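Before any comments, here is the structure.
Starting from 1, each residue takes its place in the sequence as its number. Values in this document were obtained by computation on a predicted structure and should not be read as measured data. Just so you know, ligand 1 is whichever comes first in the structure, and atom 1 is the first atom listed for that ligand.
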Amino acid sequence: MKTIGVLTSGGDAPGMNAAIRAVVRAGCESGMKVMGIRRGYKGLIDGDMYEMNLRSVSDIIHRGGTMLYSARCPEFAESEVQDKAVEVCKSFGLEGIVTIGGDGTFMGARALTLKGIPCIGIPGTIDNDISSCDYTVGYDTALNTIMDMVDRIRDTTESHDRCSVVEVMGRNAGYLALNAGLAVGATCILIPEVDYDIDSYIIERMRRTQKTGKQHFIIIVAEGVKGVEAKSLAKYIQEKTGVESRATVLGHVQRGGSPSVRDRVLASQMGYQAVQLLKNDIGNRVVVVSKDKIVDYDIIEALNMKKTIDLELYKIANEISI
Ligand code: ADP
Ligand code: F6P
């Protein structure tokens, strides 16, 4: 391939810049022209792209967000819109694209590959909800951000003998909530993957713990847990236990910030590997980390894989955070 593109799509994640940098540098070093496509599939359809060089990606490895911007473009699921994108690729001489995003981004990458433009996917999302991949780019940074934020919340919670209910992101998955919950020593963790009963899990646990002398509590709730809203849960806890309670929805602070070492390294490895595949005219693959190794899978095979949450970790968290 002589010319390839790179884009970021869907919710941004810390480490996307490190992945872009790796793609651009590895592409240029292989003698290819690398086009940066702005705002994901939306920019691709609009032909919003520019040629990048080794220096275009200087000074970004440590920055959160994505220098190529991101967008959600639901119409990209339509065949005619994909046809338009293929025409744009042809007019710019794009022979392959590295797409950085989540499952939807990979569906778009597959569609383009089937229509003649080989694409490679790199998992970039804080949610860690890509089944073929042990750790997505952005997940580790988001976990550390949550941990840092909840440590701060703990300071004030403890000073006032309160209970803090903290809602964290993760879409329909509980990876962020479970791992951050364990790391901050939360008394209770609500995740979508586990059924719960508020009275027996939260209220009874709090009462039991109160008897041992504990007077402040952190409850972590994943946003994907159906029927639980942080503010009403805090109110309910206060009514039932008499412990003054507050709710915090962490929100988009979880998506920003300088990427962690792990995310930078992962993103660099994946970006490099994606270019090696395109160099060999291979498309329709996702580059992931599995059992500490960078591997690649067919996109559909990857999308059909199942990843389960670590229930042993959940058990440990519950047993020791009491
Ligand atoms: P997020 O979960 O943050 O929305 P995704 O990676 O799941 O990120 O989706 C990003 C983009 O991928 C969507 O906005 C859309 O442009 C594209 N996309 C989603 N689903 C499909 C699909 N079935 N076919 C083609 N493209 C899709
Ligand atoms: O997928 C990343 C994510 O941050 C989810 O955790 C969250 O549910 C969603 O995106 C928020 O999306 P938006 O940026 O559209 O508010």
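A donor atom on one side chain and an acceptor atom on the other are found under 3.5 Å apart for S58 and R55. No side-chain donor-acceptor contact under 3.5 Å links R25 and S30. No hydrogens or angles considered: a donor-acceptor pair under 3.5 Å links the side chains of Q276 and K279. Side-chain atoms of S56 and N53 include a donor-acceptor pair closer than 3.5 Å. For the 3.5 Å distance criterion, the side chains of S232 and E229 qualify, holding a donor opposite an acceptor. T141 and D263 share a side-chain donor-acceptor pair at under 3.5 Å. For the residue pair D140 / S260, a side-chain donor-acceptor distance below 3.5 Å is found, with atom types taken as modelled. A donor and an acceptor atom, one from each side chain of K42 and S9, are nowhere located under 3.5 Å apart.
Selection from S79, G104, P74 by nearest heavy atom to atom 27 (C) of ligand 1 gives G104.
The side chain of Y41, and not its backbone, has at least one atom closer than 4.0 Å to an atom of ligand 1 (non-hydrogen atoms only; side chain from C-beta on).
Scanning the protein for heavy atoms near atom 4 (O) of ligand 1, the closest one is R72 NE, 2.7 Å. Counting only heavy atoms of the protein, atom 8 (O) of ligand 1 lies nearest to G10 CA, 3.4 Å. For atom 11 (C) of ligand 1, the closest non-hydrogen atom of the protein is S9 OG, 3.3 Å. Among protein heavy atoms, atom 9 (C) of ligand 2 sits closest to R171 NH2, 3.7 Å. C73 N, 3.9 Å is the protein heavy atom nearest to atom 13 (C) of ligand 1. Ranking protein heavy atoms by distance to atom 22 (C) of ligand 1, first place goes to M107 CB, 3.4 Å. Protein heavy atom nearest atom 4 (O) of ligand 2, with residue, atom name and distance: R255 NH1, 2.7 Å. In this structure, the protein non-hydrogen atom closest to atom 1 (O) of ligand 2 is D127 OD2, 2.6 Å.
When each of L44, N284, L94 is tested with L112 by the rule side-chain contact (heavy atoms from CB on, under 4.5 Å), just one qualifies, namely L44. Checked against K235 for a side-chain contact (heavy atoms from CB on, under 4.5 Å), the options Q238, E239, K231 give a single hit: E239.
Using a 4.0 Å cut-off to heavy atoms of E223, the atoms of ligand 2 that qualify are 5 (C), 6 (O), 7 (C), 8 (O). The contact set between ligand 2 and M169, taken as ligand atoms under 4.0 Å from a residue heavy atom, comprises 4 (O), 6 (O). Listed by number with element, the atoms of ligand 1 under 4.0 Å from a non-hydrogen atom of G102 are 6 (O). Against a heavy-atom cut-off of under 4.0 Å, H252 is close to the following atoms of ligand 2: 13 (P), 14 (O), 16 (O).
Within the 4.0 Å heavy-atom cutoff, R72 counts among the residues contacting ligand 2. Residue contacts with ligand 1 leave out A111, since none of its heavy atoms falls under 4.0 Å from the ligand. Heavy-atom separations between R171 and ligand 1 include at least one value shorter than 4.0 Å.
Looking at G11 next to ligand 2, no N or O pair under 3.5 Å apart turns up. Distances between N or O atoms of T105 and those of ligand 1 include at least one value under 3.5 Å. No N or O atom of G101 sits closer than 3.5 Å to an N or O atom of ligand 1. Below 3.5 Å of separation, one finds an N or O of G11 facing an N or O of ligand 1.
Salt-bridge check for E87 with K84: failed, with every basic side-chain N at 4.0 Å or more from each acidic carboxylate O. K291 and D134 are not joined by a salt bridge, as no carboxylate oxygen comes within less than 4.0 angstrom of a charged side-chain nitrogen.
When hydrophobic clusters are built by joining Ile, Leu, Val, Met, Phe, Trp and Tyr residues whose side-chain heavy atoms come closer than 4.5 Å, directly or via intermediates, V137 is grouped together with Y175.
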